[in-house]
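The block underneath contains the structure these notes are about, expressed in structure tokens.
This one's a predicted model, so the numbers in the text were calculated from it and none came from an experiment.
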Amino acid sequence: MRSARMVVWLPLLCMVVLMIGLAWGLSRNPRAVPSTFIGQPLPEVAVLDLTDHRMRAQDWPHGVWLLHVMASWCEVCQHEHAFWMHHQNVPMVALDYKESPQTIQAWLKQYGNPYQRILVDPLGDVAIEWGVYGTPETFLIDRHHIVRARWVGEMTTKRWQAEVLPLLQRWQQEA
Amino acid sequence: MIPEWGHAALWLALWVAMLLGALPWVQALPLSARMQAMRRLAVVQCALVSVGMLTLMVAFFQNDLSVVYVASHSHALLPWYYRIAAVWGAHEGSFLLWLWILSLWCWVVSRPAAALSASYQIKMVSVLGGLGAGFTAFVLFASNPFLRFLPWVPQHGQELNPLLQDPGLVVHPPILYTGYVGFAVAFAMAMAALWEGRFDAAWARWARPWVLLAWGFLTYGIVIGSWWAYRELGWGGWWFWDPVENASLMPWLAGSALVHALMMVERLDRCQAWTVCCAMLAFSMSLLGTFLVRSGVLVSVHAFAIDPTRGIFMLAYLGLVVGLAFALFAWRAPKLMGSWRMPMGSREHLLWVNNTLLLVMLGTVLLGTLYPLLYAAMGWGRLSVGAPYFNAVMVPLAVALMALMVLAPFTRWQQTLSVRATAWTLGSLVVLCVVFAVVGSIWHWAWRSGIGIACALWIIATLGAHARQYWHRSGRFTWSAPWGMWFAHLGVAVMVVGISITVQGSHRYDLSAKPGDRFSVGAYEIVWEGLVPVAGHNYRAVQANLELRRAGERVAYLHPQQRVYEASRVDLAKTAIDAGVFRDVYVALGQAHDDGQWTLRVYIKPFVRWVWAGGFLMILGALLAAIKRWRRR
């Protein structure tokens, strides 16, 4: 009976913790994505590509390129894939977020591969280093490997023309 | 003037609801007079809130742009039925709808019931009155839909979000909210029981049909929502583990536990404290869901209206209700606690295991939904929890639940299930699962799908055996048969078959094509006959005219569109679906490219309708069980 007396307080305790957590959650702006390193070089981390090759600075594409965080389990990325298949005019590197290399390989084989290189991040730790918010997400990176812009969420023709292309041209012209 | 009437009615409703909430403390009045006052106050409160709701509908119908809320969600070009439904298309109106449904439930359960003691019923209805008062205050102070733009009235309304312009909007929110808010009755019942310090089997018997009804409405709301997302979002999915979907799943899981737990109180006069906890949890989850969806604490595809200042009000309300409820529980529940001893494998034992599993599932969903928040709180960054987590944890739990469902029909109250019978049923289930998983893997199916189908088939078989047994014993099927259990469990089995097959067998084809092309997708061939412009009420569209063929024979015409809504300049892909019992062919028209090619997405989704059909069977089960209880009275 003593233990029963303790147990009945448990729901209240859980609820209080939950409420405090939610109150904290409310106090921050959910829409603001911290741009941790815009204007900073892409943090160097140990990351492998699909051929188990460890990426080094000289392996990145030359010139301006896009880093695209995606996964085949992400519905929005699937939806977006057709868009990328039609916009292959700039070098792209994919970071495959939290899935096995075999899965993404099979998936790209089926739906086409718009990427120069596919980096794998089965545990999601590279994504944390790079401050990834969620899938899909796109980073614009200049010839000196400095992150210049990021877009969270699905890329559309409208967004591409209004936001990405102008920045792309600007950084391509930059020496 | 009309919106002012509504505004005034809502103010009056606030006072009436407060009176209703105060009723149990008015000791000066005799009990019978308080009963009468309770009924009258509940009726008046309901009438006043209805006036509020009606005036807002009229304002939308007349497109009265001087009302801020109408101006931001209506437009002269919007068809009238979407204008009416736009009442609940955004924040303020959906809260008014919430309040209105609460007042309706309060009116319904305030009818004096012989099964309940007067003091108990007064307490119960006054809890509903208190909830209503808090909510009315919230609507009036923090999210008032009757505010005006005066003296400058805008020329045009901003349109309702085009994603919401769908028949789904007309039915989905009212039904979902009827379910959500229906758990308020269970909550009030639990609070009153704690307050009284006892919980009679007769009260549980009275409550069960209402809880079943609320659960049925919530199920209906979730099923309709899933179907709506499927046809509207154009991603071919029917469940995304999105925070908003999870918000409706959590009260559903707690409600399912409650529906089962109430049986223990009703039959054995036991497990009162547990049942009360489930009831409070179900409504807390409804409130939490509303909070999560509407406060902006989580970002989601569905979060259309976000305003953190309202979030603070809502959190205060949530904290007050939930805090009071569980504090009362901690204080009074020991009074309701009896012996926990149950024979192994008896019906109550299995029900208890079922409850535990359902609550673990609830915890899983809650954790997955709130984890991004926790993650940020710890300063680790930001992330979103996706389907892999939910599938990994929920599938084994669901399999365990299904194993219980296989056993359920053969259990008896307070009797140990024979070891032989258990070994037979569970043993054969395991064998069947292994066979299906192995045979499935030969066809390169995931073992999960094989196990799902095996469990579902075995549930159907045992239900059949149980019905047969019943027939042999009674000679005919009457209302005494467990129709509710049969249909609800059958619904689960049908849904699992649907999920297993559609997850496994769906194919997606991303095509680049232009009018005049023909291409094959799986066993089908699609002929793109032409591309025509189409004009709707409030949008312009290009429509692809596609002919779907199989083995040279025409199956259907499909007309997917790419729409532009004129008022809001929003693009929307309208999908075209050829629905069938065994498969759906689903086409979405994408964007045009510079070279004249269009993106076209085609999905072939086998058995996807079974997912919703299963949901409808569950609702039918809930309805039958409720009707059975009412007939018995």
Looking only at A327(B), G319(B), G590(B), most heavy-atom pairs under 4.5 Å shared with chain A are made by A327(B)
Ring geometry between W160(A) and W84(A) (parallel below 30°, tilted from 30 to 60°, perpendicular above 60°): perpendicular
Okay, R332(B) and chain A: the region with an atom under 4.5 Å from a heavy atom over there is neither
Cut-off 4.5 Å, heavy atoms of chain B, and the answer for E99(A) is neither
Please check if any side-chain donor atom of D510(B) sits under 3.5 Å from a side-chain acceptor atom of H81(A), or the reverse. no
So, the part of L18(A) with a heavy atom under 4.5 Å from chain B: the answer is side chain
Scored by heavy-atom pairs under 4.5 Å with chain A, the best of L288(B), L315(B), L366(B), L281(B) is L315(B)
With sequence neighbours left out, the residues meeting salt bridge (charged side-chain N to carboxylate O under 4.0 Å, His left out) with R117(A) are D49(A)
Residue set satisfying side chain to side chain donor-acceptor pair (under 3.5 Å) with T156(A), at least two apart, ordered chain then number -> none
- prompt: When the aromatic ring centroids of Y509(B) and F519(B) are compared, is their separation below 6.0 Å?
  reply: no
